Each structure stands twice: as C-alpha cells, then as structure tokens.
Amino acid sequence: MIELKNITKKYEINKNNTITALKNINIKIGEGELVIIKGSSGSGKSTLLSLIAALSKPTSGEVIVDSKRISKLPDNFASDFRQNNIGFIFQKYNLINSLSVRDNIILPLIPMNLNIDVLNTKLQNVIKMFHIEHKENVLVKNLSGGEQQRVAIARANINSPKIILADEPTANLDEKLSLAFIEILKELKFQGKTIIIATHDPLFFNFNIVDKEIKIYQGSIS
Amino acid sequence: MLLTPEVLTLSILNVLFVIFATIAFVLSVKIYLNWDMNSTNQKQYQLEKYSFLNAIVIKYIFFIKIPLFLFFIFTLDKISNILTGAMCSAGVIDATEYGTYLIVLKILNLYLFAYWLKLHQQDKKDEKQLYTKLKFGIYIALYLFFMVEIALEGIMFYSIDINKLVSCCSSIYSSSSTSAISTIFSLNTKILLSIFYGNFFLIIIFYFFKNRYLFALSNIIFIVTALITLIAFFGTYIYELPSHHCPLCFLKSEYNYIGYLIYLLLFIGTFYGLSVALLKKSRKNYKISLIFNSLYVILLSLIIIVYYIKNGVLL
Amino acid sequence: MSSKINIYLVEYAINSLLRQKHKTFFITIILTILIFLLSSVFLITNSIKHELNATLKSLPEIIVQKSKAGRHYDIDIDMADNLLNITGVKSAIPRVWGYYYFYNSKTNFSIVGIDEYEEQYKDTLEKIATTLDFSKDSMLIGKGVNRIMSKNYYKEYFNFIKPDGSIKKMEISGVFSADTELESNDMIVMSINNAREIFDMPSAHATDIVVKIPNVDEIATIAQKIKQQYPDTKVITKDDLKISYQNIFNYKSGLFLALFIISLFTFFIIIYDKLSGLSSEEKREVGVLKAIGWRVEDVLKAKFYEGFIVSFFAYLLGLLLSFAFVYIFQAPLLKNIFIGYSELKPSFELPFVFDIQTLALIFFLSVPIYIAATIIPSWRSATLEADEVIR
Ligand SMILES: Nc1ncnc2c1ncn2[C@@H]1O[C@H](COP(=O)(O)OP(=O)(O)OP(=O)(O)O)[C@@H](O)[C@H]1O
Ligand SMILES: [Mg+2]
C-alpha cells in the first residue's frame with residue numbers, strides 16, 4: 001500500500017527562486033492496483049514517481065509504503081528500498097548499449113553479490129517471462145526497439161518487486177509495440193503487482209485494466 | 001636533513017593526506033554543526049552527500065596508512081644503514097627527540113582510525129543514523145591528532161643529522177641506560193611474567209562474564225604488559241641473546257619478519273577488546289578479541305618452549 | 001559494508017573501462033610511462049649500489065694518504081712499517097695505483113701494481129697475483145679494458161706513454177674477471193715496478209697505504225691515532241666511503257624523484273580533469289544504477305575497482321617493462337645519467353638485484369596517488385541527483 005500525505009515538492013533554482021513542482025498532494029494506492037497519472041508536460045508526473053521511488057525527498061509531507069516512511073530514509077536505505085520493492089521502467093529504456101542483454105538485466109542484482117546459481121535462476125525467470133531468452137548474449141544496441149523495451153521490463157522485474165513504476169513507457173513506441181506493452185502490463189497486474197504509470201497516452205483507456213486515474217494540473221490533483 | 005627516496009615518498013603521501021584530511025575536516029565541521037536528520041531542505045541533502053565523501057576519504061587514508069606504517073618502519077631500517085651507530089630502526093627513532101612520540105602517536109592514530117571505521121559501520125546500520133554527528137565530531141579530534149603526527153614526521157626527518165653518532169638499540173634498551181624504558185629491566189622477570197599471564201587470565205574471565213568495561217580495561221592494561229614483557233623477556237628469546245632488548249629488530253628479515261605477526265595479533269586482539277566498550281557490544285567483537293589475544297600469548301609462549309626444547313636451558 | 005569482494009561489481013568495472021576505451025587507454029599509457037621511468041631509475045641505482053657495496057666490502061678498513069696543500073701526494077713506503085706498530089693493526093700495505101688516460105678511446109683505465117712477495121690487500125688480487133708472470137713486462141686486464149684495447153688493435157701488447165713521452169710496451173698475458181664488474185672492468189694489473197715506471201714514481205714511494213684492522217670497533221680509534229701521529233695525512237675509513245657513496249646516490253635519485261613529483265602532479269591534474277568532466281552518457285548511467293537500487297557506496301566501489309584495476313595494471317606493466325629495459329637491454333641512455341663519468345670509463349653490466357622495498361616504494365608512488373585523484377570525481381558522480389534521469 002502506497003500513501004502520499006500532504007506532499008509538497010519545491011525545487012530551489014537559486015536563492016530567490018523556487019519552483020513548486022507538487023502542492024499538497026494526497027494519494028492512496030492499494031495493493032495490486034494499476035494507476036495512471038495523467039497531466040500535461042511539466043505538471044509534476046515524473047516528480048511524483050521519483051518521490052514514490054525515494055529517489056528524491058519531499059519538501060514537506062510523507063510518503064508511506066507498506067507502513068514504512070520512505071520520505072525520511074537516508075540514501076542507503078532508500079537504495080535498499082528500491083532494490084527490494086521497486087521496478088523502474090524508463091521512457092528511453094535507459095539500457096547500457098554496449099552491454100549484452102544478460103548484463104543489462106542483472107544490473108540491479110550486482111550490489112547484492114548473490115550466488116551465481118541464484119542469480120541465473122532469477123535471470124532465466126525474467127528472460128523467459130518476457131520472451132528474450134534467444135537474445136541473452138546479444139548486445140543491446142543490436143536489438144530492435146520492442147526487444148529493448150522487453151529487456152528494460154525484464155530488468156525492472158528481475159528482483160520480483162511489488163511495485164512497478166513507469167514513466168511515459170509508450171512515448172517512444174509505435175502503436176503495435178504499445179499494444180504489446182499493454183499485454184505485458186496485463187500479465188504483471190495478473191501477478192498482483194502494484195503498477196503506477198505516468199503517461200498521457202490515451203491508448204491505456206481502451207482497455208479496462210486501469211483501476212484509478214489521477215490527473216495532475218500544475219502540481220495539484222485536479 | 002634526510003632526503004632519501006623513501007622519505008620523499010612518505011612526504012608526498014603525507015601532503016596528499018593533509019589535503020584530503022583537511023577537506024574532510026572542513027566538511028565534518030559543517031556536518032557537526034548543521035546535521036539535522038528531520039530537515040528536508042537542500043542544505044541537509046548536501047550534508048548527506050558530504051558525509052559520503054568524508055567516509056571514503058577517511059577509509060582511503062586508513063587503508064593506505066596500514067601498509068604505509070610498515071613502509072615507514074622499513075624506511076627507518078634503511079636509514080639506520082646511513083646513520084653511524086644505528087643497527088635498526090630503534091636507533092633512528094632515538095636519533096631525534098621526536099622519534100618516540102611519533103611512533104606512539106602513529107600507533108594511537110591507527111587505533112583511532114580503526115575505531116572511527118567501526119563507529120561508521122555501526123552508524124550505517126541504523127535508519128536513524130544516530131552516530132553521524134558523533135562520528136564526525138570524533139573525526140575533528142582525530143584530524144588534529146593526525147596533523148600533529150604528520151608534522152612530527154616531517155620535523156623528525158628534517159632534524160635527523162647524518163653526521164651525528166646515534167645509539168644502537170642494544171644501548172637504548174639496556175639496563176645501564178638512563179631512559180625510562182630501562183627501568184623495566186630493574187623489575188623482576190618472574191613478577192612481570194605473572195602479571196602478563198595473570199592479565200591474560202583476567203581477559204578470559206571477563207570474556208565469560210561478558211562485562212564490557214572490565215573486558216576493555218583488561219585489554220588496555222594488556223597492551224602495556226604485553227609490550228613490557230615483549231621487550232624485557234620474550235624479545236630476548238627471539239634474538240636468542242639475553243642482552244638484546246629491542247622491540248623493533250625482530251621486524252627485520254633476519255627474524256623472518258616475525259615482529260609484524262606479533263604486533264598484528266596484539267593490535268587486532270586489543271582493538272576489538274576496546275571496541276567492546278566503545279561501541280555496541282557484540283559477541284563477534286568479544287570473540288575476535290579473545291582469539292587474537294590468545295594467539296598472541298600462544299605464539300610468544302611457543303617461542304620460549306621451542307627455545308627450551310632446542311637448547312635445553314632458558315636464557 | 002561487506003568486505004567480501006563482489007565479482008559482479010569487478011566485472012561491471014572492467015566492462016565500464018572497456019566501454020571507455022580511449023580514456024582508459026590514454027590514462028593507462030601515461031601512468032605506465034611514468035611508472036616505467038621511475039622504476040627504471042630505481043633499478044639502475046639499486047644495481048649500482050649493489051655493485052658499490054660489494055666493492056666496498058672488499059675495501060680495506062683504513063686508507064692513509066699523504067696530503068700536501070690539500071692535494072693528494074705520493075706517500076713514503078717506510079710509513080707502512082711505522083703504522084704496523086700501532087696496536088690493533090694487522091697489516092699495512094703500500095699500494096701503487098692510478099688512472100691512465102687512453103687518448104684514442106677517451107677512457108680511463110685504472111692501473112694497479114702488485115708486489116710478488118707481499119701480501120695482497122684484496123682477495124681478488126691474491127688470485128690474480130698467482131697468474132701474473134713477474135719476470136716479464138706483462139699485465140692482466142679486465143674485460144672492459146680488453147674490449148677497448150682489441151677495438152684499437154692491441155691484441156697482444158699495449159704501448160703506454162710515460163709522462164716523459166717515451167713508450168713502455170707491456171704484453172697482455174690474460175683477461176680476468178672479479179667478483180664485481182664495477183671494480184674489475186676498467187682494471188689493469190701489473191707488477192708494482194712497472195706501475196711505478198708508467199706513473200713515473202720514485203721507487204720508495206707509493207700512492208697510499210691500506211691498513212687492515214680485524215676488530216671493527218677499533219677502526220675509529222686507530223684512525224684518530226694515525227691522524228694525530230701524522231698530521232700531514234688524510235685518513236679515510238671504510239664507513240666514510242660507504243656513507244658518502246650512499247649519499248651521492250640518494251641525492252641523485254632524490255633529484256630525479258623531485259622531477260617525478262612534478263610530472264606526477266601534472267598527471268594528477270589531468271586525471272582529475274578527465275574524470276570530473278562527466279559526459280551526459282555517464283551521468284545517465286549512474287542515475288539509472290541508483291534508480292534500480294544501487295547505493296552510493298556501490299557506485300563508489302565500482303569506481304574504486306576501476307581506478308585500482310587501471311593503476312595496478314599500469315604498475316605491473318611499467319615494472320615489467322623497466323625490468324626488461326634495465327636488465328635485458330642494459331638501460332640505454334638512462335644508465336649514463338647515473339654512472340655520470342661513463343664516458344670516461346669502460347661500460348659495465350648492471351647486475352640483477354631484486355628488492356621488495358623498491359617495489360613497495362614504486363607502488364606507493366603510483367597506485368594510491370592515482371586513486372586519490374579519482375576520489376572526488378567518483379564521489380561527484382555517485383551522488384548525482386538520480387531523479388534527473390527519469391525525466
Ligand atoms: N531538478 C529540478 N530542478 C528544478 N526544477 C525541476 C527539477 N525537476 C523538475 N523540475 C520542475 O518541476 C516541474 C515538474 O516537472 P516534472 O518533470 O515532474 O514534469 P512532468 O509532468 O514529468 O513533465 P513531462 O510530461 O514533460 O515529463 C517542472 O516545471 C520542472 O521544470
Ligand atoms: Mg516526466
């Protein structure tokens with residue numbers, strides 16, 4: 001369960017100038033829900049996701065995940081929290097092009113220094129789940145856009161997180177690939193994961209997978 | 001003044017240390033004054049970032065300081081070849097009035113740095129980071145100690161006079177010398193040894209009682225009794241010479257560098273013994289301390305036994 | 001913090017180095033060159049010191065020279081008998097030796113005269129004395145001398161030009177080798193009378209007198225006694241020589257080290273500059289790593305591994321190259337700086353000396369310094385705001 005209480009996030013541009021990216025946000029997201037965050041460019045969607053992922057800290061207010069106050073965590077504990085709970089899917093995939101599919105997918109596991117067998121089991125699980133086992137040792141830069149997307153999703157899922165965050169996941173995809181992505185979302189939702197997507201792609205509403213829709217306008221929920 | 005390549009190397013690294021330690025010092029002062037875990041402003045985030053920099057700088061210095069300490073002793077050994085009269089590093093340490101203080105301070109600082117790292121480890125384990133203010137406060141003090149050490153080292157190398165005749169270790173550590181160390185030899189060996197083994201026995205007892213303060217105290221005293229008996233008694237068996245009382249000669253290759261093993265065991269054993277009182281007590285620290293102290297006692301006792309078996313008599 | 005080495009992290013660090021091929025290559029090359037130069041210098045000085053020490057060991061405890069107006073003068077051989085009267089002196093042997101400048105090859109040979117019946121002051125000479133034919137005008141020569149003489153077509157004999165311009169023809173009866181190359185390389189051994197003739201020295205004179213003292217502790221007192229009894233002499237003890245030699249070398253390598261520090265400092269700046277200019281690509285990568293759960297310390301560790309791998313590799317490579325350069329190729333160019341007067345002396349071989357302390361010294365001058373240069377840039381990139389990448 002994710003809860004945002006009275007969240008305000010300000011960015012200090014310089015001494016006299018601050019930008020208020022989010023104002024008094026209150027959100028509750030239940031376990032297993034799929035939530036869409038809508039809003040025009042600059043409205044604060046990405047900021048909201050980074051707060052939930054403990055990538056940044058609110059100026060005031062609290063973020064609570066599973067009754068744990070994420071917003072007050074020191075950096076290292078925030079990282080541990082992400083490692084164990086969050087799978088991030090970025091807009092531009094954010095893969096390392098000159099590494100192989102395998103090396104990209106295991107990136108989140110590296111700091112854990114796992115036994116090689118455990119690591120391989122986890123790897124095999126996700127590459128089968130997202131159908132890229134035949135490309136395991138291919139360099140990412142030699143993959144098609146759709147395959148890259150699947151690698152990014154596999155990487156987000158390798159540590160079996162409970163929460164998936166996606167920032168504009170379909171912005172770079174054509175319609176066919178977007179549809180494929182939605183199929184994957186369905187599968188993830190079926191597995192019981194909580195999914196939060198920041199997007200303004202109307203495609204998501206053609207399927208009834210969305211539990212909740214949050215509209216942000218200039219930093220506030222409208 | 002002495003300008004061997006070894007001394008220059010030590011100096012270069014010392015300059016590097018001064019730069020980095022000073023950066024960490026300035027940041028530590030900032031953190032110490034302004035740290036506030038509950039604050040969410042930019043300043044606090046910046047302080048958190050600084051705390052990472054400080055930690056790696058201190059780690060860097062410590063992990064280079066350890067091998068560098070050995071290199072320092074090596075260097076003194078080498079300088080003893082140039083100084084007329086000196087046989088090993090002890091003569092070089094004695095060549096100036098700063099040498100002894102420098103060595104003591106160097107060892108003390110190793111203990112302090114190791115303690116700092118332990119505290120740091122402890123601090124990072126908890127979400128509330130309770131020790132952050134404390135650990136950087138301690139670093140501020142540690143910095144001053146460290147700077148004095150580096151200054152002393154510079155002054156020592158600067159004031160060594162190649163043309164002056166220095167004393168050799170066998171005269172510094174002899175009963176006829178007037179130094180403070182020599183009073184040790186007027187003590188009775190039997191009494192000294194009883195104190196040494198008795199002290200070790202106390203450590204074992206407090207280990208079972210798990211009384212952290214008594215355990216640490218007996219470890220502090222053990223550092224002293226161990227060093228005294230090492231110079232007065234055990235050392236002579238390593239040299240197989242009843243009159244040779246040098247705590248540094250056995251670091252040389254002639255004695256298979258056994259001195260490094262001896263001091264390492266003593267350092268680890270007593271350091272963990274102390275950390276039981278200064279940090280949260282943990283079973284692991286108790287255990288490591290006891291194991292290494294025991295190894296120390298066993299090793300030295302073995303040296304005596306082996307000597308007795310080989311020669312049939314004691315010195 | 002677990003102290004166990006994380007192989008995956010090492011693998012990541014290596015991959016990351018390979019991804020930035022040009023940068024890695026550039027840094028490794030510069031660092032390797034610096035380490036190579038530094039360790040070559042130390043290997044050469046070590047070898048020369050080793051040779052010198054071996055030579056010094058065979059040196060007499062005390063050398064007595066006559067000095068007049070601050071200059072070295074021939075000494076009366078009668079004095080040797082007087083010196084023997086001092087208690088503690090085992091023997092006092094007059095020596096005749098000196099340098100002969102061979103104009104054609106612009107080198108100096110050192111000529112040593114030995115007496116058939118007297119005890120020799122050095123073990124090496126003892127052996128040579130048995131092979132020299134004292135009845136003829138013949139001599140034994142060192143390897144270096146032999147090389148130079150044969151180059152100038154003197155294969156069976158050599159013509160010395162005496163101070164008065166006349167010629168002294170000496171037969172070459174053999175080539176010898178001694179314990180250390182440095183001492184024997186430029187040496188010519190002949191009978192003491194022939195040596196006197198070539199130097200134009202009166203027969204009751206010698207170059208100096210060597211005094212042997214069995215008890216090391218007595219050297220200093222005896223030296224003082226001689227000085228008191230013969231104020232016109234210069235008394236040199238073995239320790240004096242040893243220390244002054246060592247100082248010369250420490251001074252020379254110290255000077256070099258000073259130059260090295262300057263280049264190191266420059267290098268430090270270059271590295272710092274190279275590493276702190278983070279490309280947007282790198283920023284993005286660190287951001288992604290943190291977003292997927294890496295701690296600041298994990299990033300720092302990866303950067304540390306990178307720095308350590310580069311510098312340690314450069315350290316090993318530089319060391320290996322310099323070993324080859326010094327001991328296989330005999331350090332062309334560099335050797336001359338340290339032997340200084342090598343133009344005047346026949347060249348000699350550098351003996352192989354392996355000294356852990358030197359390796360430690362070079363290590364401390366390279367790896368920790370490189371890593372120090374990486375600390376702040378690594379910290380900068382590790383603590384970048386990660387939320388920027390997800391926008
Ligand atoms: N690090 C920062 N420093 C200063 N201002 C920032 C920073 N990050 C975000 N902002 C500002 O906060 C506001 C919200 O930004 P955010 O990235 O959350 O918008 P968004 O809804 O994701 O937009 P888009 O649809 O373009 O991705 C913007 O006005 C942006 O300029
Ligand atoms: Mg955005």
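No experiment lies behind these values; they were computed from the predicted model shown.
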Review point. Under a 4.5 Å heavy-atom cutoff, which of A/Ile158, A/Leu119, A/Asn159 has the most pairs with chain C?
Key: A/Leu119
Practice item. Between chain C and each of A/Ala78, A/Ser79, A/Ala54, A/Ser56, count heavy-atom pairs under 4.5 Å; write down the option with the most. Key: A/Ser79
Exercise for review: Counting only heavy atoms closer than 4.5 Å, note whether C/Asn15 contacts chain A via side chain, backbone, both or neither.
Suggested key: side chain
Review point. Which heavy atom of C/Ala291 sits nearest a heavy atom of A/Phe90, and at what distance?
Key: CB-CZ, 3.7 Å
Check your understanding: Stepwise, does the side chain to side chain contact (heavy atoms under 4.5 Å, CB included) test hold for C/Glu11 with A/Ile106?
Key -> CA-CA 12 Å; C/Glu11 195 186 335; A/Ile106 65 164; 5.8 Å; no
Practice item. Check whether more than 12 heavy atoms from other residues, nucleotides or ligands sit under 6.0 Å from atom CZ of C/Phe313, and answer yes or no. Key: no
Check your understanding: Counting only N and O atoms by type, is there a donor-acceptor contact under 3.5 Å from the side chain of C/Tyr8 to the main-chain atoms of A/Leu114?
Key -> yes
Review point. Which value, rounded to the nearest 0.5 Å, describes the distance between A/Ser50 atom OG and C/Glu385 atom CD?
Key: 9.5 Å
Practice item. Please test A/Leu107 against C/Trp294 for side chain to side chain contact (heavy atoms under 4.5 Å, CB included), starting from the C-alpha separation and ending with a verdict. Key: CA-CA 9 Å; A/Leu107 275 181; C/Trp294 284 39; 4.3 Å; yes
Check your understanding: Is it the side chain or the backbone of A/Asn97 that comes within 4.5 Å of chain C heavy atoms, both, or neither?
Key -> neither
Practice item. Go through A/Asn84, A/Asn85, A/Asp80, A/Asp75 and name the one with the most non-hydrogen pairs under 4.5 angstrom from chain C. Key: A/Asp80
Study note, to complete from the structure: Given A/Leu51, A/Ile86, A/Ile116, A/Asp103, the one with more heavy-atom pairs under 4.5 angstrom with chain C than any other is A/Ile116
Point to revise | Over 12 foreign heavy atoms within 6.0 Å of NZ, A/Lys212 | key: yes
Review point. Can you say whether C/Ile7 sits under 4.5 Å from chain A via the side chain, the backbone, both, or neither, judging by heavy atoms?
Key: backbone
Point to revise | Other residues, nucleotides, ligands: >12 heavy atoms within 6.0 Å of C/Phe25 CZ | key: no
Review point. Checking A/Asn94 side chain against C/Arg284 main chain: does a donor-acceptor pair fall under 3.5 Å?
Key: no
Exercise for review: Would you mind checking which part of A/Ile96 comes under 4.5 Å of any heavy atom in chain C, side chain (CB onward), backbone (N, CA, C, O), both or neither?
Suggested key: side chain
Review point. Of the non-hydrogen atoms in C/Ile5 and A/Asn113, which two are nearest, and what is the gap between them?
Key: O-ND2, 3.6 Å
Revision key, fill the gap. Interatomic distance, CD1@C/Ile292 vs CG@A/Asn104, rounded to 0.5 Å, equals 8.5 Å
**Study point:** A/Glu62 CD: over 12 foreign heavy atoms closer than 6.0 Å
**Key:** yes
